[in-house]
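Working notes for the structure below.
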There are 2 protein chains.
Amino acid sequence: MRISELVERSGVPLATIKYYLREGLLMPGEASSATQASYGEDHVQRLALIRALTGVVGLSIQKTAEVIRLIERPRTDLFLTLGAAIGTLPPYAEDVPGENPRDYPLARTVLARHGQIYDPDYPAVGQLDRALAAASAAGFPIDDDRLDHYNAHVRAIAEYDIAHIPDESAQSAIEYAVLGTALYEPVIVALRRLAHQDLARHRFIADTAGT
Amino acid sequence: MRISELVERSGVPLATIKYYLREGLLMPGEASSATQASYGEDHVQRLALIRALTGVVGLSIQKTAEVIRLIERPRTDLFLTLGAAIGTLPPYAEDVPGENPRDYPLARTVLARHGQIYDPDYPAVGQLDRALAAASAAGFPIDDDRLDHYNAHVRAIAEYDIAHIPDESAQSAIEYAVLGTALYEPVIVALRRLAHQDLARHRFIADTAGT
DNA sequence: AATTATGGATAGTATCAGTATCTAATACGA
DNA sequence: TCGTATTAGATACTGATACTATCCATAATT
């Protein structure tokens, strides 16, 4: 299809598609002349992915480009690729210069409790540490009991995720692992918010009825 | 304490504190003269909250101001306040003008399956719908089985949250509900990412050993 | 032949989250 | 009490980000 059709199909403005092409998020179409190139379904889907990653997941264009690069040219194995992908997701570490031998005491304690290995090179370790520290500093520390509950259920979710990694090809496994981690997060978060509202509604109604 | 001490204690630059004051995120100190005001522990904690909400949760200054307004002057009840708070959290709805009678078919189906009521006025309903639509469009649709698994565990987490709402005062209940929803999300997400890496590591090692 | 569409390059814009500067008033130490 | 430092409050400036618009030369379409 021509680019005008790609604009229609994807709903993304022409100027923005050109911008994504410049930034390397979208692969070029197959050029048939100096002023014509043809695009396919893969371009439509890539644009949907870009919009999902920037819009719903909230990644910047730069981070989105990193994720796309990872699924196009993955690391040697799924584990490393997944680690690199997680490193692109917020909340980001702000590398304080001169404070390199970073340690994440809050995360370390939690991981020890749950029998998971502690490796400060996992990006998610720093992310967990920062999330715990922020909640504490804001006056809402998370105690061990709550963390145990959270982790038990989150682990069950993660086990489902990992158990359903497709095994047709390494490529599709990596895409699923990387994008499933990122794209399903907003779903999980939305489900929790909905459950909160549902439960709060019941409690509110009970309170009202009791008054 | 004077503002210079607040700068030290909080780690937030002076110019930034003044900015937060201007934007109404931070309450003014108690003025003792035209050029002096005194600040307390509540100011230190408020700054930590602002940094947590903007930095770790990823809210904009505007949205952070909305959340703070909600816990300072809540709606009539917890349920409404919680709903309003959830409305400030990403991913945001982009109000397409002239398309007001919004409906969220994906979310409606899911909620029906799980026996929760469908009300398009819950912000999280639109958020769920958008998250599901984005995953689908990007080529990673979520089937019912997965949603059932996710929802079962997420609901267990939410039940724990709601069961632990403090009942000393309506004020503290509202603060806990609003900020617990927002501040604990990054923790849950980080735990899932860690579990993914942990499980992928095992699987990778198994693969390597088997080869 | 005239109009329209495209690729590629470049420049411009809006928003956001601070940062910096300035002034007048005040605090505080010597 | 003099002189330096600090502060509140107002206003202006900055850098990054994510587009958006314009231009041109070429080529496709009618």
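By convention in this document, chain letters (A, B, ...) are assigned in the order of the sequence lines, proteins followed by strands, and residues within each chain are numbered from 1.
Looking at heavy atoms from C-beta onward, B/Thr54 lies in side-chain contact with B/Ile61 at the 4.5 angstrom threshold.
When rounded to the nearest whole Å, the span between CD of A/Glu23 and P of D/dC19 equals 10 Å. Distance, A/Ile17 CD1 to D/dT20 P: 12 Å, rounded to whole Å. If you measure from atom CD of B/Glu5 to atom C1' of C/dA27, you get 16 Å, rounded to the nearest angstrom. As rounded to whole Å, 12 Å separates atom C1' of C/dA5 from atom OH of A/Tyr39. In this structure, the CG atom of A/Leu6 is 15 Å from the C1' atom of C/dA5, given to the nearest Å. Rounded to whole Å, the distance from CD1 on B/Ile3 to C1' on D/dA5 is 15 Å. Straight-line distance from the CE atom of B/Met1 to the C1' atom of D/dT6: 17 Å, rounded to whole Å. D/dT6 atom P lies 11 Å from atom CG of B/Leu14, rounded to whole Å.
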Between the protein and nucleotides 16-20 of chain C, list the N/O to N/O atom pairs that are separated by less than 3.5 angstrom.
| from | atom 1 | to | atom 2 | distance (Å) |
| --- | --- | --- | --- | --- |
| C/dA17 | OP1 | B/Ile61 | N | 3.4 |
| C/dA17 | OP2 | B/Ile61 | N | 3.4 |
| C/dG18 | OP2 | B/Tyr20 | OH | 3.3 |
| C/dT19 | OP2 | B/Thr16 | OG1 | 2.7 |
| C/dT19 | O4 | B/Arg22 | NH2 | 2.9 |

Practice task
Start with the C-alpha gap between A/Asp129 and A/Arg108, add the side-chain angles, then the distance that decides, and say whether salt bridge (Lys or Arg N to Asp or Glu O under 4.0 Å) holds.
Solution key: CA-CA 8 Å; A/Asp129 199 77; A/Arg108 195 178 48 214; over 6 Å; no
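One finds a salt bridge joining B/Arg102 and B/Asp121 here, because a Lys/Arg side-chain nitrogen approaches an Asp/Glu carboxylate oxygen to under 4.0 Å.
In this structure, B/Ala37 reaches the sugar-phosphate backbone alone: every heavy-atom distance under 4.0 Å involves primed, P, OP1 or OP2 atoms, never a base.
Using modelled atom types, one side-chain atom of B/Thr81 and one backbone atom of B/Arg75 make a donor-acceptor pair closer than 3.5 Å.
Residue-environment remark: CD (B/Gln62) stays at or below the threshold of 12 foreign heavy atoms within 6.0 Å. Dense packing is recorded around CD of B/Gln171, with more than 12 heavy atoms of other residues, nucleotides or ligands lying under 6.0 Å away.
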Practice task
Encode nucleotides 25-30 of chain D as B, S and - characters from 5' to 3', where the letter depends on protein heavy atoms closer than 4.0 Å: B to the base, S only to sugar-phosphate, - to neither.
Solution key: -BSSS-
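For the side chain to side chain contact (heavy atoms under 4.5 Å, CB included) criterion with A/Tyr122, the lone passing option out of A/Ile117, A/Leu82, A/Ile86 is A/Ile117.
The two residues A/Ala124 and B/Arg193 have their closest heavy-atom pair at CB-CB, 3.8 Å.
Here the straight-line distance linking atom CD1 of A/Ile68 with atom CZ of A/Arg46 works out to 4.5 Å at 0.5 Å rounding.
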